[in-house]
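The structure under discussion appears below in the form of structure tokens.
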Amino acid sequence: MTAVEIRPGLRLYKAALDRAAQESLRDEIREILRAAPLFQPTMPRTGKAFSVRMSNCGPLGWVSDRAGYRYQPDHPVTGQPWPAIPDALLRLWSDLADYPEDPDACLINYYDVNAKMGAHQDVDEQDFSAPIVSASLGDSCRFRFGGDTRGGSTQALTLDSGDVLIFGGPARKMFHGVDRILPGTSTLLEPPGRINLTLRRAR
DNA sequence: GAGTCTCG
DNA sequence: TCCA
């Protein structure tokens with residue numbers, strides 16, 4: 001597997017997952033979502049809904065509601081523990097993350113064709129020495145990233161189904177977000193849209 | 001602290 | 001959990 005080093009700590013593996021791997025991962029996520037349905041996160045304080053819907057797998061899951069951002073062991077609606085992280089994702093992590101422990105959280109973000117994600121940092125984790133491993137499934141998106149402060153210069157990248165992006169080291173706390181989904185760019189998902197899987201070490 | 005919202 |  002060949003990586004493009006976009007800048008120190010930011011590596012892009014184009015087509016890390018072939019079509020068959022994408023299909024089997026999609027099917028496993030579909031099963032996970034049956035047990036842990038997508039929920040609608042809301043902004044702290046204001047209660048404004050995210051356009052993205054979320055679920056998680058692994059010992060911990062990231063959630064947001066009026067109370068704030070946090071990792072918790074159970075689904076905010078069903079109260080059930082999150083399902084296990086699929087082996088294929090654990091293998092991806094051990095192949096690419098260069099970190100001695102398994103991830104303990106995997107956030108599942110579902111973007112319909114109109115969903116976006118504003119610029120943010122992933123900073124709710126305890127240990128920033130572990131990278132974020134991000135896999136894309138379904139429609140392509142315009143991914144935007146910048147530096148460690150808001151309002152600096154940014155670059156954009158198209159992420160396609162099967163791509164894996166890793167940010168660690170000096171890129172671990174970069175601001176990043178999704179400008180838009182590129183409709184009709186993949187036949188993988190029904191309904192269409194994009195699923196992003198981010199493997200993390202929350203604790 | 002305090003926001004991954006939206007808008008420009 | 002929002003209220004400084």
Side-chain angles (χ1 to χ4, degrees), chain A residues 6-7 9-10 12 29 32-33 36-58 60-79 82 89 103-128 130-159 163-168 170-183 193-203:
Chain A
I6 294 169
R7 64 170 206 231
L10 216 209
L12 174 61
I29 297 302
I32 287 169
L33 262 18
L38 291 169
F39 62 93
Q40 178 81 83
T42 59
M43 285 292 286
R45 304 208 79 255
T46 65
K48 275 194 146 213
F50 286 42
S51 59
V52 166
R53 289 189 298 150
M54 298 180 172
S55 188
N56 289 273
C57 52
L60 292 168
W62 189 87
V63 301
S64 178
D65 58 24
R66 295 196 99 103
Y69 302 156
R70 64 194 174 278
Y71 283 95
Q72 63 179 43
D74 41 36
H75 191 286
V77 177
T78 68
W82 303 107
L89 288 176
D104 58 4
C106 176
L107 177 59
I108 301 167
N109 280 155
Y110 171 68
Y111 295 77
D112 69 28
V113 165
N114 298 116
K116 301 164 185 28
M117 179 72 81
H120 66 280
Q121 296 171 296
D122 289 2
V123 287
D124 300 311
E125 299 74 29
Q126 230 97 34
D127 180 9
F128 297 122
I132 303 285
V133 174
S134 163
S136 294
L137 251 28
D139 283 333
S140 303
C141 76
R142 203 72 186 144
F143 177 84
R144 186 161 295 278
F145 60 99
D148 287 355
T149 57
R150 245 181 228 286
S153 67
T154 62
Q155 297 175 72
L157 204 56
T158 296
L159 296 179
D163 290 355
V164 173
L165 184 70
I166 303 193
F167 43 108
R172 175 62 180 75
K173 293 193 216 174
M174 71 178 186
F175 273 87
H176 60 284
V178 171
D179 290 346
R180 66 184 198 97
I181 301 300
L182 278 26
R194 170 172 186 260
I195 287 175
N196 184 57
L197 305 166
T198 47
L199 296 159
R200 297 110 184 267
R201 190 70 200 175
R203 297 186 185 139

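Lettering of chains follows the sequences in order, A, B, ..., and the numbering in each one begins at 1.
Distance CD/A:Gln121 to CD1/A:Ile132: 11.5 Å, rounded to 0.5 Å.
Atoms CZ (A:Arg70) and P (B:dA2) sit 18 Å apart, rounded to a whole Å. When rounded to the nearest whole Å, the span between CZ of A:Arg45 and P of C:dT1 equals 13 Å. Between the NE2 atom of A:His120 and the C1' atom of B:dG3 there is a distance of 11 Å, given to the nearest Å. Taking atom NZ on A:Lys116 and atom C1' on B:dG8, their separation rounds to 13 Å, with Å as the unit. Following rounding to the nearest Å, A:Gln40 (CD) and B:dC5 (C1') show an atom-to-atom distance of 11 Å. A:Gln72 places its CD atom 12 Å from the P atom of C:dT1, with the value rounded to the nearest Å. One atom, CG of A:Asp179, and another, P of B:dC7, lie 14 Å apart when rounded to the nearest Å. Here B:dG3 presents its C1' atom at 10 Å from CZ of A:Phe175, a figure rounded to the nearest Å.
Using a distance-only test at 3.5 Å, with no hydrogens or angles considered, a donor-acceptor pair links the side chain of A:Asp104 to the main chain of A:Ala202.
Nearest to the side-chain atoms of A:Asp124 among the listed nucleotides B:dG3, B:dC5, C:dC2 stands B:dG3. Checking B:dC5, B:dG3, C:dT1 against the side-chain heavy atoms of A:Ala67 singles out C:dT1 as nearest. With B:dG3, C:dC2, B:dC5 as the candidates, the nucleotide lying closest to the side chain of A:Lys48 is B:dC5. Between C:dA4, B:dC5, C:dT1, one nucleotide has an atom nearer to the side chain of A:Phe50 than all others, and that is B:dC5.
Among the atoms of the strands shown, none is found under 4.0 Å from any heavy atom of A:Gly177. Among the heavy atoms of the strands, none lies under 4.0 Å from A:Asn109.
Between the side chains of A:Tyr71 and A:Arg200, a donor-acceptor pair is found at a separation under 3.5 Å.
Aromatic ring pairs are classed by plane angle as parallel below 30°, tilted from 30° to 60° and perpendicular above 60°; the pair A:Phe39 and A:His75 is perpendicular.
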Check: Under the salt bridge (charged side-chain N to carboxylate O under 4.0 Å, His left out) criterion, do A:Asp179 and A:Arg144 qualify, and how do the steps go?
Finding: CA-CA 7 Å; A:Asp179 290 346; A:Arg144 186 161 295 278; 2.8 Å; yes
